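Everything numeric here is computed off the predicted structure, so don't read it as measured data. First the proteins, then the strands, lettered A, B, ... as listed; each starts at 1.
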Amino acid sequence: MPDAPADIRYVAKNMRLDLRLIAEMIPRGAKVLDIGCGDGALIEHLAREKGADARGIEIDMAEVAKAVSAGLAVIHGDADHDLAFYPDGGFDYVVLSRTLQAVEKPREVLRQMLRIGAHAIVSFPNFGHWQMRWRLLTRGRMPDTETWNRPWYETPNIHPCTILDFLALCEMEGYAVERWLAVDERGLKAPWRRSVRLANLFGEQALFQLRRAS
Amino acid sequence: MAQAIAPFPEVAHQHVVFPDGLALDCGAVILPLTVAFRTYGTLNAARTNAVLVCHALTGDQYLAEPHPVTGKPGWWQSIVGPGKPLDTDRFFLVCANVLGGCMGSTGPRSEMTDAEGRGLGRPWGTDFPQVTIRDMVRAQKRLMEHLGIARWLAVVGGSMGGMQVLEWAATYPESVFAAAPIACAAHHSAQNIAFHEVGRQAIHGDPDWKGGRYWEDGRIPARGLAVARMVAHITYLSEQALTRKFGRRLRGAPALTFLEDVFEVESYLRHQGSTFVRRFDANSYLTITRAMDFFDLAAEHDGDLAAAFRGTTTRFFLCSFSSDWLFPTSESRAIVRALNAAGASVSFLEIASDKGHDAFLLEEPEFHAALGGFLRGAAEKAGV
């Protein structure tokens, strides 16, 4: 069973809580690619506070415009089509936050992330959360929660998975889980880190740091 | 000095002469080399705030001041000035007329010289050697050395200016801290070459062109050059922009009479053509369009565009416009992907605009904000 994350002390201000947790996982001076970087909050933080060479890819042009106007190295693009153009081992960390469930080919995206980066940091909403199970069981309809808040016919989240599903994929693909944690919707760490099964039941979001097992 | 070719007014341009000349890609040597240029803002004591702005096919060095021939505002006037994206409080802007141009830099209108640099008493005309985008950049490099600038804080340009920016970054990476190629491509497409060829044929077909020796009787191939400009102008706009500006409206008539009707769009294009011939030399037009057609940055690196940028530390900003079909977004994206493959730092966005290729010269606040932000970020990183 993978280890719980090392103690995280540094807390960034004015940033989405899940991005703070990710920022804390990345060491000073690292070379980072943030896929789905939005307006560039994480890469700006990493560049300013941690001396990182941080770059981003974002699919929403309005967000790209904001990031570029702030002087950040952000390109318009997406995880499914643009990662293939990056060279092997070009980055120390490749980050994909709350996006894996929305890409066309999650398995290929993970492969690309661990081809171009020494480490991958991936977060995704956990479809195994008890509320999802309960709603599906009691109502027999697709769950409608704070995280999964769009109807099935228009949700961008076309590849939902549970924490156990993700661990199974990592094992199949030969990825080593360096750290993991389950967090609640606001990105606060949840206290189920000793048990994957409990995390899969009570964690709304999952955060993983992977590397290629070699 | 070159003799005046009527009806061109002889205008004195700020310039520098390099008596040792310039060796060109084609093997010829231009001797001496003259580079006409303008500057805006103040070079700082450390000489680190210089920004080179590269002009497009029919642009020139009059970036942000009234044009000496037409009296019109500078071609990028709207983004140059204190607090503007090209901030003259912060940057020292340099803009040079390209090699082969007709606003003071050595070109087909200049006096032809022999191998020893002696004047032959006639313009180069079609005997002017074929120059390349890289030759243009080499001429700008000479100007840079003359100005005592070791590294450009940024090199910025759109369209053919963007080609020069790419060539700068590929040829002199250590001289370019940041590069902003706008609305351009790493090679000229077959479609673009085709449009250029229509323009060139229009010039060649004008009896007044006289095989390029039109200076002999003081006439210019005005008809042919105007048609070339009209064709080119269509490629700078978009279907939406033409519809929005002109639709099917007629000039001076409410409805079609099938007699002397002139659509507004026709009238507009004729005006564009007729004003252009008063400021631009036909042989320069032939020379520069050819230079654009020849441009293929990947070909200079065994077909691998990424190889042109491998190991670069230059920061890049690319920007395209959604309705630009002359240099479509796909061309910019191809450059971005090559830069990613080369491990370069890149910013890239596409601006939603219906103004076609010309958008890079027009009021596009989102583009201006992005360019300004990129340049501020680069200046901050460079400690300027």
(Q) Between B/A344 and chain A, with a heavy-atom cut-off of 4.5 Å, which part of the residue counts as in contact: side chain, backbone, both or neither? (A) backbone
Q) For chain B, which of A/V74, A/V64, A/I116 has the most heavy-atom pairs under 4.5 Å? A) A/V74
Q.
Which atoms of B/V346 are under 4.5 Å from chain A, going by heavy atoms: the side chain, the backbone, both sets, or neither?
A. both
(Q) Quick check on A/L33 against chain B: is it the side chain, the backbone, both or neither that has a heavy atom closer than 4.5 Å? (A) neither
(Q) I need the full list of side chain to side chain donor-acceptor pair (under 3.5 Å) pairs touching residues 150-160 of chain B, with sequence neighbours left out, sorted by first then second residue. (A) B/S159-B/H357
Q) By a 4.5 Å heavy-atom criterion (distance strictly below it), what part of B/F317 contacts chain A: side chain, backbone, both, or neither? A) side chain
May I have a table of the donor-acceptor pairs connecting chain B and chain A at distances under 3.5 Å?
residue, atom, partner, partner atom, Å
B/R333, NH1, A/H76, O, 3.0
B/R333, NH2, A/H76, ND1, 3.1
B/R337, NE, A/D82, OD1, 3.1
B/R337, NH2, A/D82, OD1, 3.2
B/N340, OD1, A/Y86, OH, 3.4
B/N340, ND2, A/Y86, OH, 3.2
B/A341, N, A/F85, O, 3.3
B/G343, O, A/R55, NH1, 3.0
B/A344, O, A/R55, NH1, 2.9
B/S347, OG, A/L72, O, 2.8
B/F348, N, A/V74, O, 3.0
B/F348, O, A/H76, N, 2.9
B/A370, N, A/S69, OG, 3.4
B/E380, OE2, A/R48, NH1, 3.4

